[in-house]
2 protein chains.
Amino acid sequence: MGKIARLHSLAGKRTTTQRKLLLDLIQQAGGHLDADELYRRAREQEPTISLSTVYRNLKLFKELDLIDERHFAEEHHHFEAKATVEHHHLVCLGCGRVIEFKSPLIERMKRQLSRQNGFVVTDVEVCMMGYCARCQESMASG
Amino acid sequence: MGKIARLHSLAGKRTTTQRKLLLDLIQQAGGHLDADELYRRAREQEPTISLSTVYRNLKLFKELDLIDERHFAEEHHHFEAKATVEHHHLVCLGCGRVIEFKSPLIERMKRQLSRQNGFVVTDVEVCMMGYCARCQESMASG
DNA sequence: GTTGGTGCAAAGTGTTTGCACTCTG
DNA sequence: CAGAGTGCAAACACTTTGCACCAAC
């Protein structure tokens, strides 16, 4: 899995206005964006940008390992800037809020798998669905 | 979350030939099916069945909690008969094979989350991606 | 007999692609 | 100034829906 070190984030790819804007928006966002939300935000600063450009660059960023793609229980994909620390997601089925969490248990699980099945894990997605404290309250009272 | 007990699996819904066939196929399959694969198998026994019927029934089965829907890193969804025992998935990026596993660590993680965030977890999806033993070998030799 | 379920075709999503034009390097 | 990247529209893959007919209850 040797990977050639990248000199800067775009690794020789051309730095177009659109590409830079998209990358900035993703990194600023902090949270999770889908292609459409990113498109909407990008158009505020670059009204002629097209949705294809958004998709093409998301694909590129993924290849360059600059972003992670997430598959929540929805039809479309979500993206987020590559995490410095691996973390996972709690999705509240009440309000739709996505809460990030991390747990050392996941590392242990990886190790267990490689020991038991000889499987080398390169990427983990943990998605827990349920109800956040707030939604539980409003269900109890409502 | 109160749920009226179901008398039998289809809970008052009509037992059509197609519906029964689809449910049988899913339960026999053991593994993971996508809508198209299910359609293909169903047509072997019921050549006039339509893809819409497959989708409509998958939706119904999901509502009746007879199947689980999975979101591997692909465009379409996979389904499997409701698991008696909660288990999770290893997806090999080399050969595409899906290996099931279970781990007590996941229960612990759930408990930790409810303790730390007051979040009640109703459903968990853990998807680990990487390379199975076989694919590691062929990468090393190839 | 009602009316829920089906098959078909048409529409709806989210995403990708072909092409001519534009701009980076 | 070559060719990577763009905008646009058309194509794509998967899923849902409207409608007329059919069959389970």
Side-chain angles (χ1 to χ4, degrees), chain A residues 6-26 32-64 66-80 96, chain B residues 6-26 32-64 66-80 96:
Chain A
R6 14 181 169 78
L7 297 181
H8 59 291
S9 56
L10 287 179
K13 296 285 173 183
R14 291 187 181 174
T15 319
T16 64
T17 324
Q18 297 91 328
R19 184 164 290 166
K20 194 163 179 327
L21 171 60
L22 291 172
L23 199 50
D24 279 356
L25 285 173
I26 294 169
H32 315 86
L33 292 171
D34 56 20
D36 211 63
E37 178 59 27
L38 182 55
Y39 177 47
R40 219 170 298 133
R41 296 191 191 183
R43 262 189 311 182
E44 287 172 19
Q45 293 177 55
E46 193 73 27
T48 63
I49 198 172
S50 82
L51 192 48
S52 345
T53 296
V54 172
Y55 277 111
R56 275 189 283 235
N57 279 300
L58 282 173
K59 199 176 162 196
L60 174 69
F61 298 159
K62 213 174 13 164
E63 282 163 15
L64 295 181
L66 297 174
I67 62 174
D68 278 326
E69 187 175 359
R70 295 292 160 195
H71 311 88
F72 302 141
E74 292 179 30
E75 289 60 39
H76 55 282
H77 303 156
H78 289 246
F79 300 89
E80 61 186 328
Chain B
R6 22 180 163 76
L7 298 182
H8 59 291
S9 57
L10 286 178
K13 296 284 174 185
R14 291 186 182 174
T15 320
T16 64
T17 323
Q18 297 91 328
R19 186 164 288 165
K20 193 163 179 325
L21 171 59
L22 291 171
L23 200 49
D24 279 355
L25 285 173
I26 294 169
H32 315 86
L33 292 171
D34 56 20
D36 212 62
E37 178 59 27
L38 182 54
Y39 176 47
R40 220 170 297 132
R41 296 192 189 183
R43 262 190 311 184
E44 286 173 18
Q45 293 177 55
E46 193 73 29
T48 63
I49 197 171
S50 82
L51 192 49
S52 343
T53 298
V54 172
Y55 277 111
R56 275 190 283 237
N57 279 301
L58 282 173
K59 199 177 164 195
L60 175 69
F61 299 158
K62 213 175 12 165
E63 281 163 16
L64 296 180
L66 297 174
I67 61 174
D68 278 325
E69 188 177 356
R70 295 292 160 196
H71 312 87
F72 301 140
E74 292 179 29
E75 289 61 41
H76 55 282
H77 302 155
H78 288 246
F79 300 90
E80 61 185 328

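What you see is a predicted model; the values in this text were computed from it and never measured. In what follows, every chain begins at residue 1, and chains take the letters A, B, ... in the order their sequences are listed.
- Bending across the helix from C/dG1-D/dC25 to C/dG25-D/dC1, expressed as the angle between its end axes from five pairs apiece, amounts to 30° (10° rounding).
- Remark: A/E75 pairs with B/H77 by the side-chain contact (heavy atoms from CB on, under 4.5 Å) rule, at least two apart or across chains.
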Mind running side chain to side chain contact (heavy atoms under 4.5 Å, CB included) on B/E37 and B/D34 for me, showing each step along the way? CA-CA 5 Å; B/E37 178 59 27; B/D34 56 20; 3.1 Å; yes

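- With hydrogens and angles ignored, the 3.5 Å screen pairs a side-chain donor or acceptor of B/R19 with a backbone N or O of B/R14.
- What separates CG of A/L22 from C1' of D/dG7 is a distance of 14 Å, to the nearest Å.
- Nucleotides of DNA chain D nearest to B/F79 and A/S50 differ in position, and the one nearer the 5' end is that of A/S50.
- Taking the 5' to 3' direction, DNA chain C first and last meets chain B under 4.0 angstrom from a heavy atom at C/dT3 to C/dA9.
- Remark: C1' of D/dT16 and CG of B/L58 are 13 Å apart, rounded to the nearest angstrom.
- Rounding to the nearest 0.5 Å gives a distance of 10.0 Å between CG of B/L51 and CZ of B/R56.
- Residue A/R19 places at least one side-chain N or O under 4.0 Å from the OP1 or OP2 atom of D/dG5.
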Candidate pair B/I26 and B/L66, rule side chain to side chain contact (heavy atoms under 4.5 Å, CB included), full reasoning: CA-CA 10 Å; B/I26 294 169; B/L66 297 174; over 6 Å; no

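- A distance-only check finds no donor-acceptor pair linking the side chain of B/N57 to the backbone of B/L60 [under 3.5 Å].
- Taking atom CG on A/L51 and atom C1' on D/dA11, their separation rounds to 15 Å, with Å as the unit.
- OP1 or OP2 of D/dT15 sits under 4.0 Å from a side-chain N or O of B/H77.
- Looking at heavy-atom distances under 4.0 Å, A/S52 makes contact with a base.
- Nucleotide D/dT15 holds its C1' atom 16 Å from the CG atom of B/L60, rounded to whole Å.
- Per the geometry, OH belonging to A/Y55 stands 16 Å off P belonging to D/dT6, to the nearest Å.
- Distance B/Q18 CD to D/dC21 C1': 13 Å, rounded to the nearest Å.
- Ring pair A/H78/A/F72 is tilted by interplanar angle, where 30° to 60° counts as tilted.
- Mapping A/T16 and B/T17 onto DNA chain D by nearest heavy atom places A/T16 at the nucleotide closer to the 5' end.
- For B/K59, the side-chain contact (heavy atoms from CB on, under 4.5 Å) partners are B/E63, not counting sequence neighbours.
- D/dC14 atom C1' lies 12 Å from atom CD of B/E69, rounded to whole Å.
- For A/T53, a side-chain nitrogen or oxygen approaches OP1 or OP2 of D/dG7 to under 4.0 Å.
- In this structure, NZ in B/K20 is found 12.0 Å from CD in B/E46, a value given to the nearest 0.5 Å.
- The pair A/E44-A/R40 does not meet the salt-bridge criterion, since no charged nitrogen lies less than 4.0 angstrom from a carboxylate oxygen.
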Tabulate atom names and distances for all N/O pairs under 3.5 angstrom spanning the protein and nucleotides 1-3 of chain D.
| unit_1 | atom_1 | unit_2 | atom_2 | d |
| --- | --- | --- | --- | --- |
| D/dG3 | N2 | A/R14 | NH1 | 2.6 |

For a side chain to side chain contact (heavy atoms under 4.5 Å, CB included) check, start with the C-alpha distance between B/L22 and B/I49, then their side-chain angles and the critical distance, and finish with the verdict. CA-CA 10 Å; B/L22 291 171; B/I49 197 171; 4.2 Å; yes

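- Contact record, B/Q45 with B/L21: OE1-CD1, 3.6 Å, taken as the closest heavy-atom pair.
- Here the shortest heavy-atom pairing between B/Q18 and B/T53 reads CB-CG2, 4.0 Å.
- One finds the CG atom of A/L33 at 9.0 Å from the CG atom of A/L58 (value rounded to the nearest 0.5 Å).
- Within a heavy-atom distance below 4.0 Å of DNA chain D, the residues of residues 35-49 of chain A found are A/T48, A/I49.
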